[in-house]
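Everything on this sheet refers to the single structure shown next.
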Amino acid sequence: MNQGSIAVIGAGKWGQALHFALSQKQKCLISSRSKREIENFVDLETAMDCEYLVIAIPAQEIRGWLKENFVFKGQKILVASKGIEAKTGEFLNEIYSNFVPDKNIGFISGPSFAAEVIKGLPCALVINSKSKKLYKSFQPFFPNFIKTYFSADVIGAEIAGAYKNVLAIASGICEGLQLGKNAQASLIARGLVEMQRFGKYFGAKKSSFLGLSGAGDLFLTANSTMSRNFRVGLGLSQNKKLEDILKELGEVAEGVKTADAIHNLSKKYSIYTPIANEVKLILDGKNPKDSLKDLLKN
Ligand SMILES: NC(=O)c1ccc[n+]([C@@H]2O[C@H](COP(=O)([O-])OP(=O)(O)OC[C@H]3O[C@@H](n4cnc5c(N)ncnc54)[C@H](O)[C@@H]3O)[C@@H](O)[C@H]2O)c1
Ligand SMILES: O=P(O)(O)OC[C@H](O)CO
């Protein structure tokens with residue numbers, strides 16, 4: 001293993017933004033499935049030989065990618081993805097736990113549009129890990145325009161980062177239906193309560209939902225067309241087909257599959273998640289205006 005070296009795996013919008021940020025203070029390699037004309041682009045084998053890896057692959061693809069490509073050689077891993085695996089309902093930390101020990105892995109959360117990070121605009125992120133030593137080993141790699149915080153509440157950060165994408169779809173629908181800012185603010189506030197209720201069932205800390213991982217990322221994502229998930233909601237409000245919306249988007253919108261995962265988990269464990277459930281029904285074809293009536297029922 002190449003001691004002290006760092007690489008980003010995944011050269012999508014977030015992988016490229018993290019590569020830019022992590023290149024400010026030191027050389028940072030980057031790798032992806034297809035070759036890219038990016039500084040310090042390397043093949044996967046070279047990247048995997050780095051001591052520090054930042055993995056920015058879509059949540060639904062992680063299990064397959066790990067099975068096909070990952071060999072643990074003591075690397076320290078930072079997971080940059082946000083989502084819950086739809087086909088199993090497993091959280092990302094559960095998937096990674098089959099490949100990496102808890103002391104070697106952390107999860108990034110917080111309000112962070114790639115488009116702003118790649119411009120060097122200031123932001124704040126949380127590195128969530130069972131190991132504070134892991135956080136301390138990654139922290140020096142981050143540039144001065146990114147303030148990092150530590151939290152040991154991995155499940156809270158994971159659920160917050162995944163759930164906010166589903167709520168962003170709901171908020172985009174609300175915007176698209178021109179229901180007004182009162183409705184949108186109420187939806188976001190009730191969504192935060194719902195997210196925290198869901199997280200509590202899995203042992204998440206309430207504070208994670210009041211901080212950067214929850215409220216911070218939700219306020220960002222549910223109020224901006226910079227969010228892919230918010231734009232999915234806008235498309236749904238215009239009765240566009242989901243396949244057409246995603247084709248036009250050309251990037252991942254994790255909330256679509258995570259809505260499935262949350263719906264299945266809340267049904268399995270009898271957790272009250274009305275907003276996420278309506279998003280799932282709308283993604284399956286329910287008229288958004290009918291969902292609105294159902295959500296407004298006293
Ligand atoms: N874009 C952002 O602002 C942002 C910010 C924070 C977190 N994230 C999260 O980062 C993750 C990646 O999002 P993104 O914005 O980079 O998406 P993107 O659609 O821009 O890029 C996804 C990348 O993953 C690659 N990919 C897809 N399937 C793959 C597979 N099976 N194996 C290897 N690579 C594969 C694609 O080729 C693409 O380069 C998501 O979980 C997202 O929620 C995104
Ligand atoms: O574009 P979105 O909706 O995937 O959001 C991107 C980031 O998660 C914002 O923190």
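Remember, it's a predicted structure, so these values are computed and weren't measured experimentally. What's counted below: heavy atoms across the whole structure, side chains too, no hydrogens, waters or symmetry copies. Both counts, for ligands and for their atoms, begin at 1 and track the order of listing.
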Looking at Phe209 versus Tyr163, is the centre-to-centre ring distance below 6.0 Å?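 No; Tyr163 has its ring centre 6.0 Å or more from that of Phe209.
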
Under a heavy-atom criterion of less than 4.0 Å, does [X] contact ligand 1?
X: Gln60; value: no
X: Gly10; value: no
X: Gly64; value: no
X: Arg228; value: yes

For ligand 1, which atoms, with element, lie under 4.0 Å from some heavy atom of [X]?
X: Arg36; result: 39 (O)
X: Glu251; result: 19 (O)
X: Ala114; result: 1 (N), 2 (C), 3 (O)
X: Phe113; result: 3 (O)
X: Val252; result: 13 (O), 17 (O), 19 (O)
X: Ala56; result: 12 (C)
X: Trp65; result: 32 (N), 33 (C)
X: Lys82; result: 6 (C), 7 (C), 41 (O), 43 (O)

Can you tell me which residue and heavy atom of the protein come closest to [atom], and the distance to 0.1 Å?
atom: atom 5 (O) of ligand 2; answer: Lys164 NZ, 3.2 Å
atom: atom 40 (C) of ligand 1; answer: Glu254 OE2, 3.2 Å
atom: atom 11 (C) of ligand 1; answer: Ser81 CA, 4.1 Å
atom: atom 5 (C) of ligand 1; answer: Ser112 O, 3.0 Å
atom: atom 1 (O) of ligand 2; answer: Arg228 NE, 2.5 Å
atom: atom 9 (C) of ligand 1; answer: Ala80 O, 3.6 Å
atom: atom 34 (N) of ligand 1; answer: Arg33 NE, 3.5 Å
atom: atom 21 (O) of ligand 1; answer: Gly12 CA, 3.3 Å
atom: atom 14 (P) of ligand 1; answer: Trp14 N, 3.8 Å
atom: atom 22 (C) of ligand 1; answer: Pro58 CG, 3.9 Å

Is the shortest distance from a heavy atom of Ala168 to ligand 2 less than 4.0 Å?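 No, Ala168 has no heavy atom closer than 4.0 Å to ligand 2.
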
So, does Lys82 sit close enough to ligand 2 that a heavy atom of it is under 4.0 Å from the ligand?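 Yes, Lys82 has heavy atoms under 4.0 Å from ligand 2.
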
Proximity to ligand 2 by part of Asp217, non-hydrogen separation under 4.0 Å: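 Only the side chain of Asp217 comes within reach of ligand 2.
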
Residue part near ligand 2, for Val252, under 4.0 Å between non-hydrogen atoms: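 It is neither; nothing of Val252 touches ligand 2.
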
Do Lys87 and Asp260 sit within salt-bridge range, that is, some charged N less than 4.0 Å from a carboxylate O?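 Looking at Asp260 together with Lys87, the answer is no, because their closest N to O distance does not fall below 4.0 Å.
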
Salt bridge or not between Lys181 and Glu175? Use side-chain N to carboxylate O under 4.0 Å.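 Yes, charged N to carboxylate O under 4.0 Å.
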
If you measure from NZ on Lys82 to CD on Glu254, what distance do you get to the nearest 0.5 Å?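 It comes to 10.0 Å.
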
Nearest neighbour of atom 3 (O) of ligand 2 from the list Ala114, Ser227, Gly172, Cys123, on a heavy-atom basis: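 Among Ala114, Ser227, Gly172, Cys123, the closest heavy atom to atom 3 (O) of ligand 2 belongs to Ser227.
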
Could you say whether the N/O atoms of Ile57 and ligand 1 ever approach to under 3.5 Å?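 Looking only at distances, the answer is no, because the N/O contact criterion of under 3.5 Å is not met.
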
Would Gln184 and Ser171 satisfy side chain to side chain donor-acceptor pair (under 3.5 Å), going step by step from the backbone distance to the final call? CA-CA 6 Å; Gln184 195 168 29; Ser171 184; 2.9 Å; yes

Quick check: does any side chain N or O of Ser208 sit under 3.5 Å from a backbone N or O of Gly156, one acting as donor and the other as acceptor?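 No.
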
